[in-house]
Amino acid sequence: MKVLADLYWMCTHKVVMCILAPYANHYNHIVNPHFKQKFDESSPVYWAPHFYEPTLGPSCPSLLLMHNIEPTFDFRLLRMELQYQPPFVPPLYELEELEMLQRIQPNVVDEILYYVVAVEQPISERELEWMSRQTYPLPSVLRPPITIGN
């Protein structure tokens, strides 16, 4: 949260940022003592006082127990992409099968990629939805993404 707060401090309104993070449900990440924070589909819920979920891509699970402390920053989710680990890639698996496997078995997803926008002034859901459908460059470290819901 401190890193996100520092990044937000450096951003201006409507800056789009890409975050590539280790996926929480992967044994290599669970045991790595250098990873202090785990990331999954529910992480973006905690990055904004008013959560926005785009209509395309994987969905964030609804959380019954929400935190009572609002973050000091406001990053709204524009897109979320799951980076599948071989052999869990098409054409061996269909996207629907990958979605099911990812929910019931560890080590299917290696990393998760978020595109978020810094919000410092009021912004409409219509504008957020438009921004979520734009094309943004991929980090050079990524292979072409295999996403669910697109």
Walk me through whether Y23 and E41 qualify under side chain to side chain donor-acceptor pair (under 3.5 Å). CA-CA 9 Å; Y23 190 69; E41 296 86 344; 2.9 Å; yes
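- Side-chain contact check for Y114 versus C18: every heavy-atom pair is 4.5 Å or farther apart.
- In this structure, the separation between CE on M17 and CE on M10 is 8.5 Å, given to the nearest 0.5 Å.
- Of the possible donor and acceptor atoms, none in the side chain of E99 sits under 3.5 Å from a partner among the backbone N and O of L95.
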Given the rule in the side chain to side chain contact (heavy atoms under 4.5 Å, CB included) test, do K38 and N25 qualify, once you have shown the distances and angles that lead to the verdict? CA-CA 8 Å; K38 307 299 187 273; N25 199 15; over 6 Å; no
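- Within the 4.5 Å cutoff, no side-chain heavy atoms of L78 are placed close to those of P54.
- Taking 4.5 Å as the limit, every side-chain heavy atom of V16 sits out of range of all side-chain heavy atoms of V116.
- Residues meeting the side-chain hydrogen bond (donor to acceptor under 3.5 Å, both in side chains) test with E129, sequence neighbours left out: Y52, T55, R133.
- The ring pair (Phe, Tyr, Trp, His ring centres under 6.0 Å) analysis of residues 2-21, with sequence neighbours excluded, yields the pairs Y8-F75.
- The shortest side-chain heavy-atom distance between L138 and L113 falls under the 4.5 Å cut-off.
- In terms of the ring-ring contact (aromatic ring centres under 6.0 Å, His included) criterion, F51 has no residue partners (sequence neighbours excluded).
- In this structure, CE on M100 lies 9.0 Å from CD on Q105, to the nearest 0.5 angstrom.
- Here CD of Q102 is found 9.0 Å from CG of D40. Values are rounded to the nearest 0.5 Å.
- Few gaps surround CD on E97; more than 12 heavy atoms of other groups in view lie less than 6.0 Å from it.
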Determine whether I112 and M80 satisfy the following criterion, side chain to side chain contact (heavy atoms under 4.5 Å, CB included), listing intermediate values before the conclusion. CA-CA 7 Å; I112 189 163; M80 179 169 42; 3.7 Å; yes
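- The CD atom of E81 sits 10.5 Å away from atom CG of L20, with the distance rounded to the nearest 0.5 Å.
- A distance of 7.0 Å separates CD1 of I19 from CG of L7, quoted to the nearest 0.5 Å.
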When you look at L4 and W47, which way does the side chain to side chain contact (heavy atoms under 4.5 Å, CB included) test go after all the steps? CA-CA 8 Å; L4 288 173; W47 299 345; 3.3 Å; yes
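- With respect to E120 and K14, no salt bridge is recorded, no charged nitrogen being found less than 4.0 Å from a carboxylate O.
- Separating the CG atom in D6 from the OG1 atom in T72 is a distance of 8.5 Å, to the nearest 0.5 Å.
- N28 is linked by a side-chain contact (heavy atoms from CB on, under 4.5 Å) to H26, counting only residues two or more places apart in sequence or in another chain.
- Contacts of V15 classified as side-chain contact (heavy atoms from CB on, under 4.5 Å), with partners at least two apart in sequence or in another chain: C11, T12.
- No donor-acceptor distance shorter than 3.5 angstrom exists from the side chain of R76 to the backbone of E125, with no hydrogens or angles considered.
- Applying the 6.0 Å contact sphere to CD of E94 captures no more than 12 heavy atoms from other residues, nucleotides or ligands.
- Smallest separation of non-hydrogen atoms from F73 and M1: CE2-O, 3.5 Å.
- In this structure, F88 and Y93 have tilted ring planes: the angle between them lies in the 30° to 60° band.
- Qualifying side-chain contact (heavy atoms from CB on, under 4.5 Å) partners for P49, counting only residues two or more places apart in sequence or in other chains: E70, P71, D74.
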